[in-house]
Amino acid sequence: MTDKYCGKGPKTGSLIGIVLLLALACRGQETPSTNESSASSPAASAALLEFQAICADLRASADPFYGQAPLKELERQSKKGERDLRGEASLETLIGRELLKLGRTGESIEHLRRAVELGSEAGMDPRLLLDMKVYLGLAHLQEAEDVNCLLSHTAASCLFPISPEGVHRTREHTRAAGDVFAGIAEEFPNAVQTLWLLNLARMLSGDYPEGVPARFRLRGAQPKAGSLDRWSDRAPHLGTAVVDLAGGAVMDDFDGDGLLDLVTSTWDPCGSLKGFRNDGHGGFEDVTRTWRLDQQLGGLNLVHADYDGDSRLDLLIVRGAWMGPRGRIRNTLLRNAPGDNGPHFVDVTRDTGLAEPAYPTQTAAWADYDLDGDLDLYVGNEDPDGTSYPSQLFRNDLDAQGGGFTDVTAETGTANYRFAKAVTWGDYDDDGDPDLYVSNIGPNRLYRNDTGPEGRSFTDVAPELGLTEPTGRSFGSWFFDFDNDGDLDLLVADYEAPVPAVAAFHFGSIVVDNRPRLYRNDSTREGIRFTEVGLEAGLGRPMLPMGANYGDLDNDGWLDFYLGTGEPGYETVMPNVMFRNDSGRFVDVTTAGGFGHLQKGHGVAFGDLDNDGDQDLLHQLGGFFPGDSYANALFENPTRDRSWITLRLVGRKANTFGLGARIEVVAKENGAKRSIHVVAGSGGTFGGSSLQQEIGLGKARSIREVRIRWPGDTEPEIFRGAEIDRVYRAAQGTGRLEPIEIRRLTLGAQH
């Protein structure tokens, strides 16, 4: 099996030599060359060399995710000899685990198999042997995945429940994994996580249920098929199934042709952004090099917006998550610049004042907090001790003469000084300006945006409003109007659950302690009040969500959401989860819709790729260790016979794309008036959905009016004359919807 980690690297004293030779060693995740057209910009070449040096440094380090130094030290120790059987078994285990982490899976299996043999011969305690056996089973399962799901990737690969098309064709390692887990189950029948892996391995090898003793089989807790048509992953057919580690995902129109394109990142410090242009004929063109995205390496998340007001969408890459001091790698702001052959992205981070100081982060969000018509930026940094790495609020001070961003964190009181995992803006109190929610490891914060005599400041009101939970490890969060009553509610994901508790769900045991919090906005004229309604809304189980975003799966006008689940460890194999909003209560439609990818899920983006009026779904998949990469998914929405309207907002006084605008579509459905509420933006906190507002209208047959309350306004602007199933441009201050002609596409038509 080819080494997924791109080899051991050359022996040379030259840093540039290390970088370039490492590039030649990589399989599928090549370090970009500076010899292509993208290197025409000296600044771009300098950025590439900068990040290549970081790549080489991390690989040579003891970094727990990428570093090769621990393996080299273990291999040095192994040459010394003079150990008893127990010591030899322990060393072989450590070497095997490092090899598995780095993607040298075949070698890993040999070392772990020898560790089990030596440990058994030495009469080691069964619980000590358990760790060795679990890793041996995981190594076999990973090798099986590499052979069957990566080298022979299909739309059914690694999709739970396992269909006949998803059963592995080459089953040697799949069955070996099942045999290992079966042996563990006999010794430790209450090890629920291993029981889950046993069932999964036998499903993948085609030996389920007969290959699992009845007492160990899954016991009917699988999500029931809800009322949703099955979606299909078109990425393998469209050439967008690029293999990466965990990263960000954005779906939007970057070249201004009215069609949605795709951009993804990877937190692999040696892997570049990837870009795919929608060609208007049902296919996608790889524009990674022509858009100069290959110059930017690493980045666990992407956030897009028009920061400079030129009506072209720019990109922000955030870096350093989970890496502590090693994660002090600068973020990148990419300006979308026009060119003769389409756009190209220019690194303007240093010119705009966003490069230093650099802190570890994976989350940021744009909003016009001071209501001056341009977008400001909040970056949520990971502070381990409450003193080291403040989060940062940057005021946009660009003007016709240039300028950049000014750090106003101290004066606005938004430093946070906690381990931030998500940030989101929303006007929860309906006073016209955006407020800021920060999801932390530790108590969360809600910074109320206050206007004072000396300017803008923020006050943390989360404690008084009861919005600090989950106080262990929170993750993705966002404001949205889940109950369609016109105010903004808040969802906060929980990341505290132990992996066995997540696995236990599939055996009929449901733990409700570590679950998402859904805060319903019950504010009145008398005051602001939130009520936590997660349990009654159907969100009563642990899921370990990482990537997360929301959209409307079936165009019924109720907002649904998708959770990409997992943890870095190889044992964290669990389906990603989709929830459909059934008039204010959430129903698990993972199985019905075919969304249950077993791979670790990160960036999630919704958007109408084929101009048929419903939202498709881009899911960036992949783990955190070099050996745990996977191919991204692109799900096509099969919804039919539901009405819709798409609005492309044009801010005049407000920011150009109207981020933060509150939209109400008043429609007539079944003879009655119905209002559908959305807030303009890119959705949740780990993935960027299209900034054209794609709004499902259910069974409505006419639209009375569209009301848009632009950022900073207290009253909505009313637009009339809209028809269903049309795309309109809505320019602030005109009161008129301009129809846009579009052509429906058939995805994959030319492939």
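For the numbers below, each heavy atom of this structure counts, side chains included, while hydrogens, waters and symmetry mates do not.
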- Query: Taking it one step at a time, do Val379 and Asn331 satisfy side chain to side chain contact (heavy atoms under 4.5 Å, CB included)?
  - Reply: CA-CA 10 Å; Val379 181; Asn331 301 323; 4.0 Å; yes
- Determine, stepwise, if the pair Tyr389 / Phe419 fulfils ring-ring contact (aromatic ring centres under 6.0 Å, His included). CA-CA 9 Å; Tyr389 306 146; Phe419 203 97; 9.2 Å; no
- Task: Answer yes if the ring centres of Phe458 and Tyr369 are under 6.0 angstrom apart, and no otherwise.
- Result: yes
- Item | From CD1 (Ile663) to OG (Ser675), nearest 0.5 Å | 13.0 Å
- Task: In sequence, state the C-alpha distance, the side-chain angles, and the governing distance for Asp308 and Asp314, and then conclude on side chain to side chain contact (heavy atoms under 4.5 Å, CB included).
- Result: CA-CA 8 Å; Asp308 54 358; Asp314 313 296; 3.3 Å; yes
- Item | Pairwise side-chain contact, Asp261 with Val287, heavy-atom cut-off 4.5 Å (strictly under) | no
- Item | Electrostatic pair Arg662-Glu664, nearest N-O below 4.0 angstrom | no
- NZ/NE/NH1/NH2 to OD/OE distance under 4.0 Å, Asp255 and Arg277: yes
- Message: Hydrogens and angles aside, do Thr332 and Arg330 bring a side-chain donor and acceptor to less than 3.5 Å of each other?
- Response: yes
- OH/Tyr550 to OG1/Thr685 distance, rounded to the nearest 0.5 angstrom? 10.0 Å
- Item | Least distance between heavy atoms, Asp252 atom then Leu691 atom | OD2-N, 2.7 Å
- 4.5 Å side-chain heavy-atom contact, Leu491 and Phe561: yes
- Note on the structure: Between Tyr519 and Gly466 the two heavy atoms that sit nearest each other are CE2-O, 3.4 Å
- Task: Establish, from distance only, whether the side-chain atoms of Thr406 and Asp397 form a donor-acceptor pair under 3.5 Å.
- Result: yes
- Query: Between Arg726 and Glu738, is there a salt bridge with N-O shorter than 4.0 Å?
  - Reply: no
- No-hydrogen, no-angle side-chain donor-acceptor test under 3.5 Å, Glu526 and Thr524: yes
- Non-hydrogen side-chain atoms of Ser523 and Asp429 separated by less than 4.5 Å: no
- Message: Tell me if a side-chain donor or acceptor on Tyr428 pairs with a main-chain N or O of Leu436 at a distance below 3.5 Å.
- Response: no
- Item | Check ion pair Glu532-Arg520 (N to O, under 4.0 angstrom) | no
- Message: Can a side-chain donor-acceptor contact be found between Asn381 and Gln392 if the only test is distance below 3.5 angstrom?
- Response: yes
- Okay, side chain of Asn278, backbone of Leu609: is any donor-acceptor separation there less than 3.5 Å? yes
- Message: Check this for me: Glu356, atom CD, are more than 12 non-hydrogen atoms of other residues, nucleotides or ligands nearer than 6.0 Å?
- Response: yes
- Task: Might you work through the side chain to side chain contact (heavy atoms under 4.5 Å, CB included) test for Leu697 and Ile645, ending with a clear yes or no?
- Result: CA-CA 7 Å; Leu697 303 177; Ile645 185 174; 4.1 Å; yes
- Message: If we count only N and O atoms by modelled type, under 3.5 Å, do the side chains of Arg445 and Asn440 hold a donor and an acceptor together?
- Response: no
- Going by distance alone, is a donor N or O of one side chain under 3.5 Å from an acceptor N or O of the other, for Gln296 and Arg319? yes
- Query: Do the side chains of Phe657 and Val650 get nearer than 4.5 Å, heavy atoms only?
  - Reply: no
- Item | Side-chain heavy-atom pair Leu647, Val706 within 4.5 angstrom cut-off | yes
- Task: Could you tell me whether Arg473 and Asp494 have a side-chain N and a carboxylate O separated by less than 4.0 Å?
- Result: no
- Message: If you define the side chain from C-beta out and look only at heavy atoms, does anything of Leu300 sit under 4.5 Å from Trp322?
- Response: yes
- Do Tyr562 and Phe606 make the cut of ring centroids closer than 6.0 angstrom? no
- Are Trp710 and Glu715 side-chain neighbours, meaning at least one heavy-atom pair lies under 4.5 Å? no
- Task: May I ask you to decide whether Arg709 forms a salt bridge with Asp430, counting only side-chain N to carboxylate O separations under 4.0 Å?
- Result: yes
- Query: What pair of heavy atoms forms the shortest contact from Asp608 to Leu260, and how long is it?
  - Reply: N-CD1, 3.3 Å
- Task: Kindly indicate, with the supporting measurements, whether the criterion side chain to side chain contact (heavy atoms under 4.5 Å, CB included) is fulfilled by Val303 and Trp366.
- Result: CA-CA 8 Å; Val303 188; Trp366 298 93; 3.5 Å; yes
- Message: Which heavy atom of Asp372 sits nearest to which heavy atom of Asn396, and what is that distance?
- Response: OD2-O, 4.1 Å
- Query: Is it true that the side chains of Asn444 and Thr468 contain a donor and an acceptor less than 3.5 Å apart?
  - Reply: no
- Item | Distance-only polar pair, side chains of Lys421 and Gln362, donor-acceptor under 3.5 Å | yes
- Check: Phe394 main-chain N/O paired with Asp407 side-chain donor or acceptor under 3.5 Å: no
- Could you grab the distance from atom CZ of Phe719 to atom CD1 of Ile703, nearest 0.5 Å is fine? 13.5 Å
- Note on the structure: For Pro357 and Arg328, the nearest pair of non-hydrogen atoms, with its separation, is CB-NH2, 4.0 Å
- Message: Minimum heavy-atom separation for Gln620 and Gly247, please, with both atom names.
- Response: OE1-N, 2.8 Å
- Message: Quick one: does any side-chain atom of Asp552 pair with a main-chain N or O of Gly557 as donor and acceptor, under 3.5 Å?
- Response: yes
- Check whether any side-chain heavy atom of Thr414 lies under 4.5 Å from a side-chain heavy atom of Tyr378, and answer yes or no. yes
- Item | Under 3.5 Å side-chain donor-acceptor pair for Asp306 and Thr656 | yes
- Query: Would you say the side-chain atoms of Thr459 and Asp450 include a donor-acceptor pair closer than 3.5 Å?
  - Reply: yes
- With a 4.0 Å cut-off, would you call Arg418 and Asp383 a salt bridge? no
- Indicate, with yes or no, if the rings of Phe475 and Phe686 have centres closer together than 6.0 Å. yes
- Item | Arg335: side chain to side chain donor-acceptor pair (under 3.5 Å) partners, not counting sequence neighbours | none
- Query: Salt bridge or not for Arg648 and Asp253, using N-O below 4.0 Å?
  - Reply: no
